[in-house]
Participant: 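My questions will all concern the structure given below.
Quick note: numbers below take in every heavy atom, side chains included, and nothing from hydrogens, waters or symmetry partners. Position 1 is the first residue of the sequence; numbering continues from there.
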Amino acid sequence: MQIKFSFDSSQPIAGEASIEINKSIQDVFSYIGEHFYDNYPKWAVEVVEFEPLDGKEVFVGSKAKQIREDNGSKVESIFEITDYQPSMKLIFKGLTEPYIHSYLLESSEQKQATRLTFRFELSEIDVFMRPFQKLIRSAIEEGAENTVENIKNLVDVDTH
C-alpha cells in the first residue's frame, strides 16, 4: 500500500509582499542595498545578532552571519549576496539554512515613488514540518508584509 501525501516537498514555500514608498528609487536602494549591512537589522526585527563577514561593502559573494529569534528559539545562519544590481535588486541566499530573500525595486514614471517587492522563499522544510505547510506559508506571507511595512517606515524617516 502506498501512502500519498497532500503536499509537494519539492516546491519552495514562499511569501511575497509589495509596497509603494514615496521616495526615489535611488533613495530606497541606497537604504536597502548600499547600506544593507547597517540597515538590515533595523527592518528585520527578529535578528538579534548580525555580523558582516567581508566588511560593510555590499557585493555579490559577500557574506554575513545572523542569529534570528523565531518563536523563542535562536537560529543561526550564514548567507551570501547572490545578486546585486543597483537601483533594481538585492538577493541573498542562506548557505547554512535553505532560504532566499529578494528585494526588487521598480520606479514609477508618473510620480516620485518606488515599488518595493520583498520575497522570502524557504527552499526546503524538514519532513516532520511538512504537514504544517499552510501554517508556514501563512507565517511567511505575514512576515513579508511586515518586512515591506518596516522598510517603508524606516526609509521615510531615515533616508541617507
Side-chain angles (χ1 to χ4, degrees), residues 11-125 136-160:
Q11 293 296 312
I13 301 175
E16 186 175 288
S18 295
I19 200 164
E20 193 167 283
I21 302 172
N22 291 319
K23 296 280 184 179
S24 73
I25 197 166
Q26 290 82 13
D27 285 346
V28 176
F29 190 81
S30 175
Y31 191 84
I32 293 170
E34 294 167 18
H35 299 278
F36 174 75
Y37 290 125
D38 292 322
N39 295 329
Y40 174 67
K42 295 177 186 176
W43 76 71
V45 294
E46 64 284 347
V47 173
V48 293
E49 289 182 42
F50 184 68
E51 177 188 357
L53 299 176
D54 299 308
K56 292 234 179 168
E57 186 182 338
V58 180
F59 57 90
V60 172
S62 65
K63 296 176 183 67
K65 180 174 101 173
Q66 67 179 347
I67 298 176
R68 301 170 74 90
E69 194 165 304
D70 290 323
N71 296 325
S73 62
K74 291 186 177 177
V75 179
E76 180 179 309
S77 70
I78 294 174
F79 64 80
E80 176 180 32
I81 305 292
T82 57
D83 198 343
Y84 181 78
Q85 294 180 33
S87 296
M88 291 178 61
K89 63 181 155 181
L90 168 70
I91 300 173
F92 64 87
K93 175 183 178 182
L95 299 177
T96 57
E97 295 291 326
Y99 61 83
I100 299 172
H101 285 221
S102 302
Y103 301 87
L104 311 170
L105 291 86
E106 299 170 83
S107 63
S108 172
E109 302 266 332
Q110 296 79 18
K111 48 189 166 177
Q112 180 82 344
T114 301
R115 182 171 184 75
L116 167 66
T117 300
F118 169 71
R119 178 177 172 84
F120 177 84
E121 222 173 272
L122 194 55
S123 309
E124 57 186 64
I125 58 172
I136 294 167
R137 181 173 282 108
S138 175
I140 288 172
E141 288 170 355
E142 184 179 323
E145 291 287 341
N146 290 340
T147 297
V148 294
E149 284 287 337
N150 289 348
I151 292 171
K152 177 183 174 28
N153 292 336
L154 288 163
V155 168
D156 281 344
V157 295
D158 197 21
T159 304
H160 285 91

Participant: Is it true that atom CD of Glu20 has more than 12 heavy atoms of other residues, nucleotides or ligands lying nearer than 6.0 Å?
Facilitator: yes

Participant: Side-chain polar contacts of residues 46-54 - donor-acceptor pairs under 3.5 angstrom, sequence neighbours left out - could you list them?
Facilitator:
residue	atom	partner	partner atom	Å
Glu46	OE2	Arg68	NH1	3.4
Glu46	OE2	Arg68	NH2	2.3
Asp54	OD2	Lys63	N	2.8

Participant: Quick one: pull up OG1 in Thr147 and CD in Glu142 and give me the separation to the nearest 0.5 Å.
Facilitator: 10.5 Å

Participant: In terms of ring plane angle, is the pair Phe79 and Tyr40 parallel, tilted or perpendicular, where the classes change at 30° and 60°?
Facilitator: perpendicular

Participant: Is the shortest heavy-atom distance from the side chain of Phe92 to the side chain of Tyr103 under 4.5 Å?
Facilitator: yes

Participant: Which heavy atom of Phe29 sits nearest to which heavy atom of Pro86, and what is that distance?
Facilitator: CE2-CA, 3.4 Å

Participant: Nearest 0.5 angstrom please: Glu16 CD to Ser102 OG, how far?
Facilitator: 8.5 Å

Participant: Return the CD1 to CD distance between Ile136 and Glu141, rounded to the nearest 0.5 Å.
Facilitator: 12.0 Å

Participant: Does any N or O in the side chain of Asp83 come within less than 3.5 Å of the main-chain N or O of Ile91, such that one atom is a donor and the other an acceptor?
Facilitator: no

Participant: Any side-chain heavy atom of Thr82 sitting closer than 4.5 Å to one from Ile100?
Facilitator: no

Participant: Is a donor from one side chain sitting under 3.5 angstrom from an acceptor on the other, for Ser62 and Tyr84?
Facilitator: no

Participant: Kindly indicate whether the side chain of Ile81, heavy atoms from C-beta on, has any atom under 4.5 Å from the side chain of Phe59.
Facilitator: no

Participant: What closest approach, in Å, do Arg137 and Pro12 show between heavy atoms, and which atom pair accounts for it?
Facilitator: NH2-O, 4.1 Å

Participant: For a side-chain contact (heavy atoms from CB on, under 4.5 Å) check, start with the C-alpha distance between Ile32 and Leu116, then their side-chain angles and the critical distance, and finish with the verdict.
Facilitator: CA-CA 10 Å; Ile32 293 170; Leu116 167 66; 3.7 Å; yes

Participant: Under the rule for side chain to side chain contact (heavy atoms under 4.5 Å, CB included), what residues qualify as partners of Lys152, not counting sequence neighbours?
Facilitator: Ile19, Ile21, Asp156

Participant: Within the structure provided, determine whether Ile140 and Ile13 are in side-chain contact (heavy-atom separation under 4.5 Å).
Facilitator: yes

Participant: Mind checking the OG1-NZ spacing from Thr114 to Lys23? Nearest 0.5 Å is all I need.
Facilitator: 10.5 Å

Participant: In sequence, state the C-alpha distance, the side-chain angles, and the governing distance for Ile151 and Phe118, and then conclude on side-chain contact (heavy atoms from CB on, under 4.5 Å).
Facilitator: CA-CA 10 Å; Ile151 292 171; Phe118 169 71; 5.8 Å; no

Participant: Check whether any side-chain heavy atom of Trp43 sits under 4.5 Å from a side-chain heavy atom of Tyr31, and report yes or no.
Facilitator: yes

Participant: Which pair of heavy atoms, one from Val58 and one from Glu34, lies closest together, and at what distance?
Facilitator: CG2-O, 4.1 Å

Participant: Gln26: which residues meet the side chain to side chain contact (heavy atoms under 4.5 Å, CB included) condition with it, sequence neighbours left out?
Facilitator: Ser24, Ser87

Participant: Closest approach of Glu80 and Gly61, non-hydrogen atoms and distance?
Facilitator: OE2-CA, 3.3 Å

Participant: Which heavy atom in Tyr37 sits nearest to a heavy atom in Glu57, and how many Å separate them?
Facilitator: CE1-O, 3.5 Å

Participant: Working to the nearest 0.5 angstrom, can you tell me the gap between Asn153 CG and Lys42 NZ?
Facilitator: 13.5 Å

Participant: Rounded to the nearest 0.5 Å, what's the gap from CG on Leu104 to CZ on Arg115? Could you check?
Facilitator: 11.0 Å

